[in-house]
Amino acid sequence: MADATKRKKAVQETIEDAWVRILAMKNSDSDTEKLLAVKDAMETGVTGRHPSGVGKRFSKAEALRIYNDLRVMLREKTLREMVEKTPRNYFLITNEKLLARLIERLGEQTEVAVDTETTGVDVYTDVIVGISLTLPSVSIPPLAEKGIHVYIPVQHDEGEQLSRDYVLSELRGFLYDEGIGKVLHNAIFDIAMFRRHDYDLRGVTWDTMVAMHLLNENEPSFRLKDLAPKYLGVESDTFAELFGKTPFNEITLDIALVYAGKDTDLTWQLYQFQYVHFTQMPTVLEYFRTVEVPLLYVIVEMEANGYILDLDFAKEYGEQLATRAKELHAKLIGVLSKHHEGDAELNLNSGPQMKAALSKEIGKELPNMDAKKTLKPMARDFEVIADLLEYRKITKLSGTYIDALPTKQNPTTKRWHSRFNPIGTVTGRFSSGKDEEAADSNQFNVQNQPEDARKMFVAPPGKVLVSADFKAQEIRCTAYLSGEPVLIEAFEKGIDPYANMASMYYKRPYHEVNKLPSGEDTPERKAMKVVWLATLYGMSDFSLADMLGLKKPEATAFKEELFAGMPKLSAWLKENEEHVAKYGFVWADKQQRKRRLPDGKLKRKEIPFGKWNDPRYEENRKHNAKINRAMRQGTNARVQGSSAIQTKVTMIRAHEECKKREGWALWGTIHDELVFEIPEDFTREDIAVIERIMTQSYAWGTVANGTDIAIMKRWGKGMTPEDWFKQKEAA
DNA sequence: CGATACGGCCAC
DNA sequence: AAACGTGGCCGTATCG
C-alpha cells in the first residue's frame, strides 16, 4: 500500500518539482553544470525526456543520459558548422604538386607555427597522422587574410593524401633548417613525435605554453584551448569535446583541416600576443630564449633515454614486502577486529576505520592518524601502533613503487620513461609524473622515489650512473641574494655553513659543533639547520617551537638572537616581504623569472583584541591568512626559483657535453641534482668534466658552487670517485 | 564504474 | 584559524 502511494506520488511529480529535487542533491560541480545544461535544453525545447525514462519518475540518472545525447548532437552540429565556416586561407595538402608549392613557400618564411596530429599521446608508440603549419607572411592574392594555414594528412583512414615517409622526407630541409624558426604550443610533445619517426625538429624559437607560464605562472590551465578564448577572444573546443576518444586518423579530412589548421593559427596568434607582453620584460624574454627554449630539446632526450629496471630484484623485493605485510596484517586484524562492527573485515588502509579501532584498543581517542606527529611518539608504548606504522610503510612502498613501477614499461622502447615538466611548478622547478591528458599512460614521478625503490633502477650494461648534486644549493643561493657575510665567509673558507652559524651562535669552536666523526649531526648543528630551513620556508614561531621542543617565546628568542648575528640576511628577508606587499610579486635571480603573489598586496583586515575565535571574524582571518601565505612564499620563491634556474642552465651545459661524448647521456634531475650515465671505463678527467659542468655553468656572483659526486651501478647512495678508482686499481 | 575530494606520505 | 615552501600518487570515501 505504502509502495503504491509512493509510486502514485512519483508519477504526479512535475518536471519542475523534479528539477528542484535533483538540483538540491549533493552534486559535484561538473554534474551541476551538466544538469543545468539539460534543464536549459529541455525548457527551450531542444530536447525532451529520454526514451529510457518514459513512465518513470524523472531522475538525475536520466538527466545525465540526456546530457550525453545532447553532447553528441551538439558535437555533430559544432563539427558541421566548423566545416562550413572553414576559413578560406586554410588548405589541405594532399598531393605532390601542392606539397612542392608549400615547400617553396616555407623556404621564404622566417618563422612558422607547427603542430602534429597523432594517434595518441605515447610519443614512443603512437604515430603522426598529420602535420599542420601556419605560414604567417604568405598571402594568396584574392584573399584579404594574411597568412595561410595548412594541414598535411599522412595517415588518415579515408581521403586522398600523401604517405608520412614521403612528406617527412620532402619536409626534411624545412625541419632541419635552424634559420626557419618553429613556433609551437607544448613543443616537447611534437619534438618527441618527430624524433619517434627519426626526424629532428630543429630551430624551435617559441613555445607558447612555456611562454605563458613565464607571463603568468598562476594561470589555471595552459591548454591552448583554454588560453585562446581568454587572451585571443577565440572560442575553441578541446579534442575530447569534439572527438571524444576517436583517434585523429579516423576524422574525415574536412574536419581535420579546420581543427588542425586552427591549432597552428591560434598558436601563431598567441605568440603575437605574448611577444608584445615580453617586450615589457626583456630579462624574462632573454631567459626564455636562452634557457627555457633550448631546454626543451634536453628534456626530450632525457625522457627518451629512459630507465632500465631490475625486474628480478623488484619481484623478489616485492615478495619479501608482501610476506611481511601479510604477517602484519594478520597480527593487526587479530588485535583490532574486535573493535570493528559490520560484516566486512576491518580495512587496515582505511583512516576512519583504523582511527576508531585503534582509539578503542589503546583506550584514548586519537586526534588523527598522522604517522609522524601522532602515531610515532606512541609506537614505543603500543606494539599495535608500531605494527601499523610498519604495515603502512610497506604497503605504501609496494603499492606506489615496488609493485607499481614494473608494470610501467613502455611496450615499444622496453624502457621506463618519466616526464619532466619544466612548467609544472609555480617557482620554476620541474615537476615529474603523468601528463595532464595521459591518465592511462605509463609515465611516473621519478623525483619522489624513496631510497628503497631507487634500488630497482640500474645503469645500462657497460655504464654507470653518476649523480652530481649542487652542494647546499639553496643556502649558497641565499648567501648570494642576501649578501650575508656569515654565509659567504663559510663558503669562501669551504666550511659548513650550519656549523659556522652554530659556532657563532653558541660561541663555541667550529670543530665542536660540526658533524660528529660518524657523520651524525651535533645537536647544535641540527638546531641551526632546523631554524634555517624554518626561516627559508617562512615557518611560524609556533611550529618552530614544536619542532625544537621549546615553548613559543623561547623559539622566538632563539630565532631573533640567531638572526641578530646575521643583519644582512635579516634585512633581505624583510625586503622580500616589503616587495611582495608593495608590488605583489618577487624576482628570481637577475630578474629572469617572476613569482606573482597578488595576495601580498591585500590590506589586512582588523580583528579586535579578544575576537580571534569569534566566528563573525572568520572571513577576516581567512583574508589575513592569505596575506601571510604570500609573505612566506616570497622569500621561498626567490630561493627556489633561482636555484631552479641554476639547475636548468646546468642541464643545458651537461647535455651539450654529453652529445660530444660517446655513451654519455643525461639520466635525470631531482631539483638540486643531475644524474648522468657514462661508460664504466671513465677516467678521472671525466669526473673533473662533470665537476666543472656542475660548478661553472651558473655562478652565484662570487659565492662558489660545490658538488658531491657519486658513482653507482644501481641508483642509491653510490661511492666516491676516489673509492671507485681505488677499488678498480686494486682489482 | 567514473569523477571527485581528501588524508596521508614519498621527494627536494 | 592556521601554524612550512614546491610537487605527484595511492587508497578510501562518496556520489549517482
Side-chain angles (χ1 to χ4, degrees), chain A residues 22 25-31 34-35 59-65 217 347-355 368-375 389 392-393 395-401 403-405 418-421 424-436 439 443-454 469-470 473-474 530 533-547 552 555 595 597 607 611-615 617-626 628-641 643-644 647 669-673:
Chain A
I22 291 166
M25 292 167 140
K26 207 175 167 186
N27 298 309
S28 67
D29 285 354
S30 84
D31 277 355
K34 290 173 186 173
L35 291 168
S59 66
K60 177 175 172 183
E62 185 186 336
L64 291 176
R65 274 194 292 275
E217 72 284 357
N347 185 345
L348 301 185
N349 297 322
S350 160
Q353 285 183 35
M354 287 302 283
K355 184 166 168 288
N368 54 48
M369 292 291 282
D370 188 277
K372 261 206 185 85
K373 283 213 172 96
T374 309
L375 299 181
L389 285 174
R392 290 216 302 206
K393 197 174 168 60
T395 48
K396 166 88 177 176
L397 184 62
S398 47
T400 308
Y401 306 103
D403 297 341
L405 246 48
S418 179
R419 280 283 289 114
F420 291 93
N421 183 358
T425 73
V426 288
T427 55
R429 271 189 178 183
F430 282 101
S431 70
S432 171
K434 278 183 175 33
D435 273 348
E436 201 179 327
Q443 297 157 348
F444 61 95
N445 183 347
V446 81
Q447 295 191 139
N448 75 341
Q449 296 294 319
E451 200 172 332
D452 285 330
R454 291 186 180 193
D469 70 349
F470 293 102
Q473 185 184 36
E474 293 196 343
V530 168
L533 290 171
T535 306
L536 213 59
Y537 295 159
M539 193 186 278
S540 68
D541 292 357
F542 180 94
S543 302
L544 182 63
D546 197 39
M547 281 191 84
K552 194 184 155 194
R595 173 75 182 103
L597 300 163
I607 300 169
K611 301 281 182 187
W612 292 101
N613 296 314
D614 191 324
Y617 289 94
E618 194 186 340
E619 278 308 304
N620 287 13
R621 283 196 302 269
K622 282 187 178 164
H623 175 90
N624 290 350
K626 277 198 225 167
N628 293 338
R629 182 173 154 81
M631 292 303 160
R632 290 195 298 273
Q633 287 169 310
T635 290
N636 182 261
R638 295 200 71 189
V639 177
Q640 200 182 102
S643 297
T647 300
T669 173
I670 308 103
H671 308 303
D672 65 345
E673 176 185 359

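Chain letters run A, B, ... following the sequence lines, proteins first, then strands; residues in each count from 1. Predicted model only: the values in this text are computed from it and were never measured.
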Distance, rounded to the nearest Å, where [X] contributes [atom1] and [N] contributes [atom2]:
| X | N | atom1 | atom2 | result |
| --- | --- | --- | --- | --- |
| A/Phe420 | B/dC12 | CZ | P | 13 Å |
| A/Met354 | B/dC6 | CE | P | 23 Å |
| A/Arg392 | B/dG7 | CZ | P | 13 Å |
| A/Gln640 | C/dG7 | CD | P | 8 Å |
| A/Lys552 | C/dA3 | NZ | C1' | 9 Å |

Give [X] one of three labels, base, sugar-phosphate or nothing, depending on what nucleic acid heavy atoms sit under 4.0 Å from its own.
| X | result |
| --- | --- |
| A/Val426 | sugar-phosphate |
| A/Asn347 | sugar-phosphate |
| A/Arg65 | nothing |
| A/Gly538 | sugar-phosphate |

Between C/dA1 and B/dC9, how far is it from one C1' atom to the other, in whole Å?
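Rounded to whole Å, the distance is 24 Å.
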
Could you tell me how far C/dA2 sits from B/dG7 if I compare only their P atoms? Round to whole Å.
12 Å

When you measure only distances, ignoring hydrogens and angles, does the side chain of A/Lys396 come within 3.5 Å of the base of B/dC9 through a donor and an acceptor?
yes

Rounded to the nearest 0.5 Å, what's the gap from CZ on A/Arg595 to CD on A/Gln633? Could you check?
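CD of A/Gln633 is found 5.5 Å from CZ of A/Arg595.
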
Let me confirm one number: the OH-NZ distance from A/Tyr401 to A/Lys396, rounded to the nearest 0.5 Å.
5.0 Å

